There are 2 protein chains.
Amino acid sequence: MPPSPATPQYRLDPTREQAILDAIRELLTEVGYDRMSIDEVARRAKASKATIYRRWSGKPDMVAAALHGMITELPDPPDTGSLRTDMIATLTTLCRVYERKHPIVLSVLSAIRTDPTIGRLMHDHILDSGTAGADIVFARAVTRGELPALPDVPAVVEVGKALLWHRLLLSGRPLDDPWVVHVVDDILHPMLGLPG
Amino acid sequence: MPPSPATPQYRLDPTREQAILDAIRELLTEVGYDRMSIDEVARRAKASKATIYRRWSGKPDMVAAALHGMITELPDPPDTGSLRTDMIATLTTLCRVYERKHPIVLSVLSAIRTDPTIGRLMHDHILDSGTAGADIVFARAVTRGELPALPDVPAVVEVGKALLWHRLLLSGRPLDDPWVVHVVDDILHPMLGLPG
DNA sequence: AGTCATGTACGGTACGGTACCGTACACCTC
DNA sequence: GAGGTGTACGGTACCGTACCGTACATGACT
């Protein structure tokens, strides 16, 4: 007799579930929310639609589940020696994260109209991550003596996020290094009262 | 004797064309690009599908046509007496314009992946309008003596547009007056080297 | 001028074909 | 035999095209 009372009690296979969620994220990235069909999800996950519908009630439900587990915890930004290089490093890291999330955000964005729940999930799990490092960077700059006092960090973060997403979603141009340097030197530095 | 080489050529009725384009814009606003069906366009425009397909080859073509004629020429910003109030007035005007365009931008955004042409049209006809007034406002501030020299206007415009679209598309919060004041006082003013 | 044949655009309808949704049912493994 | 799984199916929505009969402007002919 097995001593573990954990009689496996074969529940819904979590492996399957993960495969399905991966397929959903894949399709969201590739074709967007509206054009993502359940048939195709099933095909990619090598599962049947019945298997899918046993778990979730419909497309919004599935996508909501897929958006969970996309929270990305960023490590604290490393001390590069100066505020300027700290900001460049932090922004560059954020660029890579946003670039990865970009297709999904784009897909889901248009679905907000149809399903407001999706919008909330997107904010909570995708958009609001990766901005905690700013406090650290600016606090470090104050102790270094580069800044006379802590700036209006939320405002700076607001500008940074807005610039990133605007560039990514609307301008159609890449989040490359020269652009990051431009943001830091021509926008953030002046905003902090430092020489451009 | 007819000097004109008899170009009889009845044209397609421009009235009908306008009704169809209006219906397209309506549906783009209401349900988005993907969920817009030609049948529904025909129904709303009180036209037959044949009439529509006689003019355009398919959905991308129609939407492209509908995006034309959405260019909005803004009047030069009025002189309100100070740079701060000028900026607030200009931004407020821009807010109203963007709010109107917002649903269509949202719809079309997700279609960029499918049809890059749409993306180009959106930039040319929707996004790049309404920023010419900035030059006037800042030039006026210089002659008033409020600014020592002309600032980096493109950078300021970049920040303004990014903040507006970010707020509108991603934050889900309204472009209301307090927010505009916050942008001017907490972000643009510091960026210009003025007291917040 | 008045009449009429002609050509075109029009709304409406119907169709074949495709893609998708959500479910009923049979299978198959524990 | 109980429960997860795969297949097959009905139903719906949409696309793009073809065709009908009609309305109307044009241009020729009387």
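Being a predicted model, the structure only gives us computed values, none of them experimental. A note on names: the letters A, B, ... follow the listed sequences, proteins ahead of strands, and every chain is numbered from 1. Below, each value reflects all heavy atoms present in this structure, side chains not excepted, and no hydrogens, waters or symmetry copies.
- Summarising the geometry, the separation between CH2 on A/Trp56 and P on C/dT23 is reported as 16 Å, rounded to the nearest angstrom.
- B/Arg16 has no side-chain polar atom (N or O) that falls below the 4.0 Å cut-off from OP1 or OP2 of D/dA23.
- Residue A/Arg55 contributes atom CZ, which lies 15 Å from atom P of D/dG3 at whole-angstrom precision.
- Picking from C/dG11, D/dG6, C/dC10 the nucleotide with the shortest atom distance to the side chain of B/Ser48 gives C/dG11.
- Checked by atom type and distance alone, the side chain of A/Arg35 never pairs as donor or acceptor with a backbone atom of A/Leu27 at under 3.5 Å.
- One side chain, A/Thr85 or A/Ser82, offers a donor N or O that lies under 3.5 Å from an acceptor on the other.
- OP1 or OP2 of D/dT5 has not a single side-chain nitrogen or oxygen of A/Arg54 nearer than 4.0 Å.
- The hydrophobic clustering, which links ILVMFWY residues whose side-chain heavy atoms are closer than 4.5 Å, places B/Val142 and B/Val153 together.
- At C/dA9, none of the side-chain N or O atoms of B/Thr51 fall inside 4.0 Å of OP1 or OP2 (strictly under the cut-off).
- Nearest nucleotide to the A/Tyr53 side chain, out of C/dC21, D/dC19, D/dG6: C/dC21.
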Side chain to side chain contact (heavy atoms under 4.5 Å, CB included) evaluation trace for A/Leu91 with A/Leu175
CA-CA 10 Å; A/Leu91 271 181; A/Leu175 298 182; over 6 Å; no

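- Protein atom CZ of B/Arg43 is 14 Å distant from nucleotide atom P of D/dC15, rounded to whole Å.
- Side-chain atoms of B/Thr90 and B/Thr93 include no donor-acceptor pair closer than 3.5 Å.
- Side-chain to base pairing of B/Lys49 with D/dG16: one donor and one acceptor N or O lie within less than 3.5 Å of each other.
- Contacts with DNA chain D (heavy atom under 4.0 Å) in residues 18-42 of chain A: none are found.
- A salt bridge does not link B/Asp39 to B/Arg44: none of the charged nitrogens lies less than 4.0 Å from a carboxylate oxygen.
- For A/Glu17 and D/dG4, the CD to C1' distance is 13 Å, given to the nearest whole Å.
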